[in-house]
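A short write-up of the structure that comes next.
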Amino acid sequence: NYDRGNGWALALDANGNVLWQREYDQHGVEKLWGGAALPGGDLALAGDSRVAVNTANEKIDMPDGLLLRINANDGLDGCPCQFFVDQPAAPTPSDLAAAATLSDNGVVAVGFAAGDNGLANGWLHAIHADGSPRWDKLVAKQGTDKFKGAARNGQGLNIAVGSSDSASAGGLDGWAVLFDANGNVLIDKSYGGSEDDELLAVQALPNGGWVAAGRSATASKGKTDGWVIGLDEGLNLLWEHRQGDKDSDELLGVTVVGW
């Protein structure tokens, strides 16, 4: 593509057949990392957008968080209730990596935004169902902290997971934050060992707990192993499992089946 890349999404049926695939273009370079199904049947996609050339306020290597609503039947973004949100439009990098619904049918996207100290802070960006802004929350700590995955449980609470080197046991720790529909942080916990450990995806369990996946260099067979952890409703670690070989391995997603 002439402007270096578009966001891309595709839908599959139960047999893996492609129903549709679409590209989404705004500024110059768009990437879509995750999303969520909305109660009305549409989809919310989260990612980032970068300009194709330097401007007075934006640089090529400084992304803005991007949140897009599309019609799940055909992938089009032209429905009357669409939102196409690109913020903050400031000369600092930001990114939205995943999205989840809120208990009142809103949407929260999670990622990172650079703070005043130039380091990444965990970013929670919430909007109403019509796309209008609701609230923004930076979970600011001492180091570099990023959210990569999000989910909501049956009790209406949301979780964001990612990585943090603030007060870490090693370089990076897996990081999880539990928050309510108003963005109030209820629990903030880290997990990991003496090396880099990151959580990249999360799902709610029917019993109120959570399962999260990512990559871990702690006690790995190679550079990194795929890493899965189980958490209770209070984000206490119940179990963890690492799987890999002598090379680099990671788990980018997780889902719950047959519960």
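No hydrogens, no waters, no symmetry mates; every other heavy atom, side chains included, goes into these values. On a predicted model such as this, the values are computed, not experimentally measured, just so you know.
Interatomic distance, E30 CD to W8 CH2, rounded to the nearest 0.5 Å: 16.0 Å. To the nearest 0.5 Å, atom CG of residue L231 and atom CD1 of residue I187 are 10.0 Å apart. In this structure, CD1 in I70 is found 4.5 Å from CG in L43, a value given to the nearest 0.5 Å. Within the model, atoms CG of L32 and CG of L66 stand 6.5 Å from one another, a figure rounded to the nearest 0.5 Å. The distance from the CG atom of L45 to the CG atom of L68 is 5.5 Å, given to the nearest 0.5 Å. Between atom CG of residue L76 and atom CZ of residue R22 there is a gap of 4.0 Å, rounded to the nearest 0.5 Å.
For D48, the side chain to side chain donor-acceptor pair (under 3.5 Å) test picks out W33, with sequence neighbours left out. With sequence neighbours left out, the side chain to side chain donor-acceptor pair (under 3.5 Å) criterion links S190 to no other residue. Every residue two or more places apart in sequence or in another chain that forms a side-chain contact (heavy atoms from CB on, under 4.5 Å) with R152 is listed here: T101, S103, N158. For A201, the side-chain contact (heavy atoms from CB on, under 4.5 Å) test picks out V254, with sequence neighbours left out. Every side-chain contact (heavy atoms from CB on, under 4.5 Å) that K141 has, sequence neighbours left out, goes to D145, S164, S166, W175, D188. Residues satisfying the side-chain contact (heavy atoms from CB on, under 4.5 Å) test with D247, not counting sequence neighbours, are D245. Take W135 and apply the side chain to side chain donor-acceptor pair (under 3.5 Å) test, not counting sequence neighbours, and it matches no residue. By the side chain to side chain donor-acceptor pair (under 3.5 Å) test, D249 pairs with no residue at all, sequence neighbours left out.
Side-chain contact between D180 and L157: present, with at least one pair of heavy atoms (C-beta onward) separated by less than 4.5 Å. Between L124 and F147, some side-chain heavy-atom pair lies under the 4.5 Å cut-off.
Cluster note: L252 groups with L200 through ILVMFWY side-chain heavy atoms spaced under 4.5 Å, whether in direct contact or through intervening members.
Under the 4.5 Å side-chain heavy-atom criterion for ILVMFWY residues, a single connected hydrophobic cluster contains both L186 and I159. Linking Ile, Leu, Val, Met, Phe, Trp and Tyr whenever their side-chain heavy atoms come within less than 4.5 Å leaves W123 and V177 in two separate clusters. Hydrophobic clustering (side-chain heavy atoms under 4.5 Å, transitive across Ile, Leu, Val, Met, Phe, Trp, Tyr) groups L102 together with V185. Following chains of ILVMFWY side-chain contacts shorter than 4.5 Å, one can reach L238 starting from L205, so the two form part of one hydrophobic cluster. Linking ILVMFWY side-chain heavy atoms closer than 4.5 Å, directly or via other members, places L178 and V110 in two distinct hydrophobic clusters.
Put simply, the side chain of S49 never gets that close to the backbone of D64: no donor and acceptor are under 3.5 Å apart. Distance alone, capped at 3.5 Å, is enough to place a donor-acceptor pair between the D196 side chain and the L172 backbone. Between the side chain of T218 and the backbone N or O of E195 there is at least one donor-acceptor pair closer than 3.5 Å. With hydrogens and angles ignored, the 3.5 Å screen pairs a side-chain donor or acceptor of N153 with a backbone N or O of Q155.
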Pair N182-R134, side chain to side chain contact (heavy atoms under 4.5 Å, CB included): steps then yes or no: CA-CA 9 Å; N182 295 314; R134 180 168 173 177; 3.6 Å; yes
Residue pair V18, L12: steps toward the side chain to side chain contact (heavy atoms under 4.5 Å, CB included) verdict: CA-CA 5 Å; V18 176; L12 307 174; 3.7 Å; yes
Worked verdict on K189 versus N236 for side chain to side chain donor-acceptor pair (under 3.5 Å): CA-CA 8 Å; K189 291 199 173 184; N236 299 301; 2.4 Å; yes
Steps toward side chain to side chain contact (heavy atoms under 4.5 Å, CB included) verdict (Y24, N6): CA-CA 5 Å; Y24 306 95; N6 293 338; 5.8 Å; no
CA sep, side-chain torsions, deciding dist, call: V139, F179, side chain to side chain contact (heavy atoms under 4.5 Å, CB included): CA-CA 11 Å; V139 185; F179 58 98; over 6 Å; no
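Applying the ring-ring contact (aromatic ring centres under 6.0 Å, His included) test to residues at least two apart or on different chains, none of the pairs has a partner in residues 204-226. Applying the ring-ring contact (aromatic ring centres under 6.0 Å, His included) test to residues at least two apart or on different chains, none of the pairs has a partner in residues 212-244. A salt bridge (charged side-chain N to carboxylate O under 4.0 Å, His left out) check over residues 224-243, counting only residues at least two apart or in different chains, returns the pairs E240-R242.
Of all heavy-atom pairs spanning A150 and A98, the tightest one is N-CB, 3.8 Å. Looking at every heavy atom in both residues, D173 comes nearest to G192 through OD1-CA, 4.1 Å. Across P206 and V256, no two heavy atoms sit closer than the pair CD-CG1, 4.4 Å. Heavy-atom minimum distance, G41 versus A72: O-CB, 2.9 Å.
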